[in-house]
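So the structure is just underneath, and the comments pick up after that.
Here is how names work: the chains are called A, B, and so on, in the same order as the sequence lines, proteins then strands, and each is numbered from 1.
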Amino acid sequence: MMSQTSFFTDSNALNGKPANHLSHEALKRVLNEQQFEAVIHGEGPLLILAGAGSGKTRVITHRIARLLAEGASPRSIIALTFTNKAAGEMRERIASLSDRITSGLWVSTFHSACLRILRQHAERINYPKDFIVYDMQDQVRLIKLCLIEIGLEEKKFPARQISSFISRFKNKMKGPEDAEKETRGNDEFIKVFGMYERRLAESRSMDFDDLLLKTLYLLRNEEEVRTGYQARFEHILVDEFQDTNMAQYEIVHHLAGKRRNICAVGDDDQSIYQWRGADITNILNFEKDFPDAKIVLLEKNYRSTGNILRGASEVVSRNIGRKEKKLWTDNTAGEKIKLYTATDEMDEAKYVVDQTKAMQRNDGLSLNDVAVFYRTNSQSRAIEDALRRDGFPYQIFGGLKFYDRKEVKDILAYFKAALNHFDVVSFKRIINTPPRGIGAVTIAKLEMAAITEGVSLSAALDNISVIQGLGASAREKLEKFREILSAIRSKVTSASPADAINEALTITGYMDWLSADKKSESLSRLENLTELVNAAEEFEERTGENSMMAFLDQSALISDADKIDETTATVKLMTVHISKGLEFPAVFVTGLEDNMFPHARSKGDSAQMEEERRLLYVAMTRAKEKLFLTHALTRRVFGVSQANTPSIFLNDIPKEVLAKSGGGEAVTNFTSRPGRTRTPALTNRPVKSFKNKREQGEEIGGFRVGQKVSHPSFNVGVIRAIEGAGEKSRITVYFPRFGEKKLMRKFAKLTTI
DNA sequence: CAAGATTTTAGTATT
DNA sequence: TAAAATCTTG
């Protein structure tokens, strides 16, 4: 996928005589000087700063192949990536480069490597070997349970937000005690955090952060474990190092031990997950932690044309606090970057379709060569509609994951609850799903019994007589549920995952429940459940595993982006985040508007604005030959048509690499400036260049500047400005919670108050 | 208790 | 707009 064609075919051609193709001479032929140095570097820490498209995956894979050729045992090497997709790709390429048997070689994501370690040694930290992995949804559910128990309103303390706060602390290896010191005055949060950690442990479950933290704990405190892995892993390679968090860094450190054979590869300009706890200092401080580290800079870009590279570099160069680097390329300047001003999101989508059509016709591009990026998932709709209208097949990535779907999670929850009877979240999820007449009151009684008896909910259920004040019908219903759960339990051990799931659909009554419902939604849910059985079958075939636990583990750790289908020609639609690590001959980056990209929520925070900028850099550098940037003058957001000015980032693309089109009359407030003018990125300055701006107090069509208005979606706000009159007039309103919005009067349902 | 009505909310999501 | 959360009613 990230191949530089000539090299790739080269390595295939050499399959017959692999011993030679990893010699210095041979390597020199397929690698540039810096890549070569990185590949043959011997013992000791190595940091590879690899710009976009500079061939970092090739360096890692060649390095591993070379280590193997030099006689290193496969089991002495571990390569850590962030996605399953990256891991899979890497594994494949190593296999094609190396003639050695690579079994025993670990190429996996951080999380699956940790899970593997933990399944091995869980008992040392008082967890059963069959602990459950909680995904984000489970995590939020558990937090909700804590909120209820503490008596906090979810309104004031949104569980999702709390979960990300908690995660941020855990990412920095901090617990509730540390939070207490750092968030003085936020007693509620500390309370929830504390209870969450307790309940999680009581559930014998681990969230994603735990997978890292508990592994780290093992490595730190269990000498036998630590020395065991240190002895084994003589070489550690870490990809996307800029996106590691503190815990991951520590894990790498501990694994490396005294040998310190760490090879870290990354690019600070491509760090786009800081909002999730990625700690860019890991890469910026590598040299401080390893003063003797060999540092290799990969600055030659093989992917993009000169113009694309130039435009992208200028955008990211506005960031402060980055490692200065000068990406360059031998490639021709190529076509200019095209900038299209659309009237609205439909026009934007039409442009995408028209240009795609033209490229197919004139340049012989396959639909597989075309990708459309956007900042937020909701933007995909207009583009989907347009593609569908013209009969273009497309695939969409991101959004709701298969394993996150309600019906899939429901069924899997039965197995989690069956495997681990301490798992509260799963138990509560299924006790009345499908509805079987067990309501809040009955559950409360069951819970009460569990607490007074000091046992799990599941254990209390198995001993119904301990439940106080239970009516005859409630008892009967609980009894029935108990039977269902125990039937599932017996299937877990007696049947393969696919068969077990298939039978669970009947045993639980889920199938009947959905079939009885005539809504089309239920139909698609049924299809998803069939798909789940298929997925389990496929899993068994692929891995040779037939334990339910293994299937559950992968369901928690896998994502949809892993299954990009290359076989059928489709246009690929995805968020910019998902695009990282991919490349396409033709790329559209859409919605380049103020408040969309950069996103409204990032404004006023310089760190977040820098990340938005890097995000655009990542997006632009995915393109090999053709890059289209689009922005729309108005866009429907949450059902309201909103006028948007172009993204300020566009100002930073030199005009000599740009070709503008579209928009015509209305391109205001946007001038392309070459050179190094620094954009004031941080201020939410009022929109300039209003035509016919009204003075305070003057009334236009029932509205005047300074007036308070109410909006169905954005609540109460104050009118800042009114442009134009009649049908076309636009009103700029400041909403305290949503910021400044420029609304079309025609559409905005504003009422004066 | 559950279905239907109403209200609320709105980002990105490698694991 | 649309999905999810919450409230209302049978």
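One atom, NE2 of A/His111, and another, C1' of B/dT15, lie 4 Å apart when rounded to the nearest Å. The distance between atom CD of A/Glu89 and atom P of B/dT14, rounded to the nearest whole Å, is 16 Å. What separates CG of A/Leu115 from C1' of B/dT14 is a distance of 16 Å, to the nearest Å. With rounding to whole Å, A/Gln642 atom CD is found 15 Å from B/dA10 atom P. To the nearest angstrom, P of B/dC1 lies 9 Å from CD1 of A/Ile438. The separation between A/Arg141 atom CZ and C/dA5 atom C1' is 13 Å, rounded to whole Å. What separates CD of A/Gln248 from P of B/dT14 is a distance of 14 Å, to the nearest Å. The distance between atom CD1 of A/Ile280 and atom P of B/dT14, rounded to the nearest whole Å, is 20 Å.
Judged by closest nucleotide on DNA chain B, A/Thr442 is the one of A/Lys580 and A/Thr442 placed further toward the 5' end.
If you check every strand for non-hydrogen atoms under 4.0 Å, A/Lys144 touches sugar and phosphate atoms only. A/Ala556 comes within 4.0 angstrom of no nucleic acid atom, judged by non-hydrogen atoms across all strands. A/Asp209 comes within contact range of no nucleotide atom at all, as no heavy-atom separation falls under 4.0 Å.
Each salt bridge (Lys or Arg N to Asp or Glu O under 4.0 Å) pair with one or both residues in residues 110-120 of chain A, not counting sequence neighbours, appears once here: A/Arg119-A/Asp553.
The only option from A/Met246, A/Glu240, A/Gln248, A/Gln242 that meets the side chain to side chain contact (heavy atoms under 4.5 Å, CB included) definition with A/Thr244 turns out to be A/Gln248. If you run side chain to side chain contact (heavy atoms under 4.5 Å, CB included) between A/Arg635 and each of A/Met346, A/Glu348, A/Gln642, only A/Glu348 comes through.
In this structure, A/Lys406 does not reach the C/dA4 phosphate: none of its side-chain N or O atoms is under 4.0 Å from OP1 or OP2.
Counting only distance, with no hydrogens or angles, the side chain of A/Gln270 and the backbone of A/Asp267 share no donor-acceptor pair below 3.5 Å.
Under the 3.5 Å distance criterion, with hydrogens and angles disregarded, a donor-acceptor pair is assigned to the side chains of A/Gln554 and A/Tyr403.
Expressed to the nearest 0.5 Å, how far NE2 of A/His631 lies from CE of A/Met596 amounts to 13.0 Å.
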Short N/O separations, protein against nucleotides 11-13 of chain B, under 3.5 angstrom:
from   : atom 1 : to       : atom 2 : distance (Å)
B/dG11 : O4'    : A/His599 : NE2    : 3.0
B/dG11 : O6     : A/Gln608 : OE1    : 3.4
B/dG11 : N2     : A/Arg375 : NH1    : 2.9
B/dG11 : N2     : A/Arg375 : NH2    : 3.0
B/dG11 : N2     : A/Glu612 : OE2    : 3.0
B/dT12 : OP1    : A/Asn377 : N      : 2.7
B/dT12 : O4'    : A/Arg375 : NH2    : 3.0
B/dT12 : O2     : A/Trp275 : NE1    : 3.4
B/dT12 : O2     : A/Arg375 : NH2    : 2.5
B/dT12 : O2     : A/His577 : NE2    : 3.4
B/dA13 : OP1    : A/Thr575 : OG1    : 2.3
B/dA13 : OP2    : A/Asn377 : ND2    : 2.8
B/dA13 : N6     : A/Arg160 : NH2    : 3.4

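Listed by chain and number, the residues in a side-chain hydrogen bond (donor to acceptor under 3.5 Å, both in side chains) with A/Glu384 are A/Ser380, A/Tyr394 (sequence neighbours excluded).
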